[in-house]
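Here is the structure we will look at, set down as structure tokens.
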Amino acid sequence: MKRVLVAGATGYLGSYILKELQRRGLWVRTLVRDTDKLRLSNSVDVVEGLMTDPPSIERCCRNIDVVISTVGITRQRDGLTYMDVDYQANMNLLQEAKKNGVQKIIYISVLHGQSLQHLKICEAKERFVGELERSGMDFCVIRPNGFFSDMSAYTEMAGKGRVYLLGKGEHRVNPIHGADLATLCVDAIELDAREIDIGGPQTLSHNEIAKLAFQAVKKEATITYIPEWLRKVLLWSLRSFTTTKFHGPVEFFLTVMAMDMLAPEYGERTLQAFFEDAGEI
Ligand SMILES: NC(=O)c1ccc[n+]([C@@H]2O[C@H](COP(=O)([O-])OP(=O)(O)OC[C@H]3O[C@@H](n4cnc5c(N)ncnc54)[C@H](OP(=O)(O)O)[C@@H]3O)[C@@H](O)[C@H]2O)c1
């Protein structure tokens, strides 16, 4: 039986991966920086360590066959950059994995990460992908579309009565539920593919997503469209007058919401059901 280390199990996707591994009866260890944040249904081996501090993660890969890392900055406010975490922390884990004879690493980047390397988040993630390619290890890079967890921004805006969209709201995206993505991440243990683009089962325009969000919160749809010139001014101002730590996440969203983000469709969970479930909580 394969022994799997999950780094990032305290996060949205990592927690679904942990559940999926346990559902399939695989032996699992998690590497976390705060054990209290781990939501566990069954007993699991836990190593506490800081991926940004190599000595603290020594031995996390001992007797491990496969490492899955979802570690990256999303909403964390630790004063670290994408280069510190998405690149360097994952490099520290890669070095431990190599030292301990791990067979394969599965890493989560971002859809179109290769062509979006002018964005700080993609630059860091794809630099790590380059290191994986040169590492001589077996690996699989998964490049997912936006997660349903991030789509909650629509229901939050709709709940306040107004959704803001870029351009005419006509760009399309197929976001994915963490549980569907976790299935693919765990399948990747046995797959030969080295790179996988993946999105959810439904492709929707941002206008359609906004309408679903208003339906879920039972409010009349009011959408404000941010014109292209204003998006460009915002991007320029953020890059010129704020630090990378601040503008990194914003430049990502201002960029991907202004383009089609389409990946091969996968999974079965719909955004409508996700919004409606969230509305009931
Ligand atoms: N959200 C999206 O729409 C989307 C789309 C495509 C790709 N991705 C990528 O997919 C990955 C997982 O996303 P997610 O939504 O599951 O993110 P998440 O919920 O924020 O989970 C990220 C994980 O990384 C860990 N982490 C972050 N900074 C760390 C640090 N300095 N030291 C140690 N651990 C750290 C977090 O630990 P703590 O719990 O201790 O903070 C958490 O376990 C990320 O790399 C993200 O960029 C996300």
Side-chain angles (χ1 to χ4, degrees), residues 5-20 30-40 46-54 56-57 60 67-93 96 105-114 116 119-129 132 141-154 173-182 184-185 188 195-200 209 245 248-249 251-253 255-257 261-263 266-267 271 274:
L5 173 76
V6 184
T10 50
Y12 173 72
L13 174 59
S15 64
Y16 281 109
I17 292 175
L18 178 56
K19 260 192 231 158
E20 182 62 17
T30 59
L31 171 61
V32 296
R33 55 178 173 169
D34 179 0
T35 310
D36 291 342
K37 278 190 76 181
L38 204 53
R39 281 165 286 162
L40 291 174
V46 182
V47 170
E48 214 173 71
L50 256 188
M51 274 173 60
T52 44
D53 173 35
S56 77
I57 61 167
C60 70
V67 168
I68 304 179
S69 177
T70 68
V71 168
I73 296 178
T74 58
R75 288 162 290 273
Q76 290 77 13
R77 296 282 175 269
D78 302 314
L80 298 172
T81 63
Y82 291 119
M83 249 343 142
D84 295 331
V85 179
D86 296 66
Y87 172 71
Q88 190 58 53
N90 281 299
M91 274 305 291
N92 297 338
L93 184 60
E96 271 308 304
I105 297 203
I106 295 163
Y107 174 67
I108 315 303
S109 181
V110 174
L111 183 67
H112 302 326
Q114 314 95 307
L116 294 174
L119 306 178
K120 295 290 175 194
I121 182 172
C122 299
E123 181 191 13
K125 284 184 182 297
E126 292 299 319
R127 186 167 162 197
F128 177 67
V129 171
L132 267 180
V141 176
I142 297 176
R143 294 197 178 90
N145 217 334
F147 300 171
F148 280 9
S149 52
D150 277 357
M151 296 291 145
S152 306
Y154 284 83
V173 59
N174 60 323
I176 185 162
H177 193 289
D180 283 336
L181 179 53
L184 188 272
C185 293
E195 307 196 23
I196 300 174
D197 288 354
I198 179 174
I209 295 174
K245 286 169 204 162
E251 75 167 0
F252 180 73
F253 286 108
T255 302
V256 297
M257 281 187 66
M261 287 289 278
L262 306 176
Y266 179 88
L271 195 57
F274 175 78

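Remember, predicted model here, so these are calculated numbers, not experimental data. All ligand and atom numbering here is 1-based and tracks the order in the structure.
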(message) Return the OG1 to NZ distance between T81 and K120, rounded to the nearest 0.5 Å.
(response) 9.5 Å
(message) Can you check which of R33, Q88, R143 brings a heavy atom nearest to atom 32 (N) of ligand 1?
(response) R33
(message) Give me the residue, atom name and distance of the protein heavy atom closest to atom 42 (C) of ligand 1.
(response) T10 OG1, 3.6 Å
(request) Would you check the N or O atoms of L13, main chain and side chain alike, for any that come under 3.5 Å of an N or O of ligand 1? (result) yes
(request) With sequence neighbours left out, write down each residue that passes ring-ring contact (aromatic ring centres under 6.0 Å, His included) with F147, or none if nothing qualifies. (result) Y12
(request) Test S109 against E126 for side chain to side chain donor-acceptor pair (under 3.5 Å), laying out the working first. (result) CA-CA 7 Å; S109 181; E126 292 299 319; 2.7 Å; yes
(message) Can you check which of I142, T30, L80 brings a heavy atom nearest to atom 31 (N) of ligand 1?
(response) L80
(message) Using heavy-atom distances only, which candidate in Q76, M51, R75, K37 approaches atom 36 (C) of ligand 1 most closely?
(response) Q76
(message) T74 versus ligand 1: do any nitrogen or oxygen atoms come within less than 3.5 Å of each other?
(response) yes
(message) Looking at every non-hydrogen atom in both residues, tell me the closest pair between G199 and N145 and how far apart they are.
(response) CA-CB, 4.0 Å
(message) Please list, in number order, the atoms of ligand 1 under 4.0 Å from a heavy atom of P144.
(response) 6 (C), 7 (C)
(request) Ignoring hydrogens and angles, tell me if any N or O in the side chain of N90 forms a donor-acceptor pair with the backbone of V71 under 3.5 Å. (result) yes
(request) Heavy-atom contacts with V85 under 4.0 Å: which atoms of ligand 1 show up? List them by number with element. (result) 28 (N), 29 (C), 31 (N)
(request) Check each of F147, F148, Y12 against atom 8 (N) of ligand 1 and report the one with the nearest heavy atom. (result) F147
(request) Report the part of D150 (side chain from C-beta onward, or backbone N, CA, C, O) that has a heavy atom under 4.0 Å from ligand 1; answer both or neither where that applies. (result) side chain
(message) Return the CD1 to CG distance between I17 and L181, rounded to the nearest 0.5 Å.
(response) 6.5 Å
(request) Check each atom of ligand 1 against the heavy atoms of K125 and keep those under 4.0 Å away; list them by number with element. (result) 44 (C), 45 (O), 46 (C), 47 (O)
(request) Return the set of residues passing salt bridge (charged side-chain N to carboxylate O under 4.0 Å, His left out) with D53 (not counting sequence neighbours), or none when no residue passes. (result) none
(message) Which residue and atom name correspond to the protein heavy atom nearest atom 12 (C) of ligand 1, and how close is it?
(response) T70 O, 3.3 Å
(message) S149 versus ligand 1: do any nitrogen or oxygen atoms come within less than 3.5 Å of each other?
(response) no
(message) Distance under 4.0 Å to a non-hydrogen atom of I108: what atoms of ligand 1 satisfy this?
(response) 10 (O)
(request) For the residue pair T74 and Q76, establish whether any side-chain heavy-atom pair is separated by less than 4.5 Å. (result) yes
(request) Examine distances only and state if a side-chain atom of N174 and a backbone atom of L262 form a donor-acceptor pair shorter than 3.5 Å. (result) no
(request) Would you check whether G146 reaches within less than 4.0 Å of ligand 1, judged by its heavy atoms? (result) yes
(message) Out of P249, S15, S109, who is nearest to atom 9 (C) of ligand 1 when you count heavy atoms only?
(response) S109
(request) For E20 and L18, indicate whether the former's side chain and the latter's backbone hold a donor-acceptor pair under 3.5 Å. (result) no
(message) Using only atom types and a distance under 3.5 Å, with no angle test, would you say the side chain of D86 pairs donor to acceptor with the backbone of G72?
(response) no
(message) At under 4.0 Å between heavy atoms, is it the side chain or the backbone of A7 that contacts ligand 1, or both, or neither?
(response) neither
(request) Distance to 0.1 Å, residue and atom name: give those for the protein heavy atom nearest to atom 22 (C) of ligand 1. (result) G72 O, 3.6 Å
(message) For the 3.5 Å polar cut-off, considering only N or O atoms, please tell me whether G11 and ligand 1 meet it.
(response) yes
(message) Tell me whether G8 has any N or O atom under 3.5 angstrom from an N or O of ligand 1.
(response) yes
(message) Side chain or backbone, does N145 bring an N or O within less than 3.5 Å of an N or O on ligand 1?
(response) no
(request) Considering heavy atoms of the protein only, find what lies nearest to atom 26 (N) of ligand 1 and give residue, atom and distance to 0.1 Å. (result) V71 CG1, 3.9 Å
(message) Is any side-chain heavy atom of D150 closer than 4.5 Å to one of P175?
(response) no
(request) Using only heavy-atom distances, determine whether the side chains of N92 and E96 contain a donor-acceptor pair under 3.5 Å. (result) no
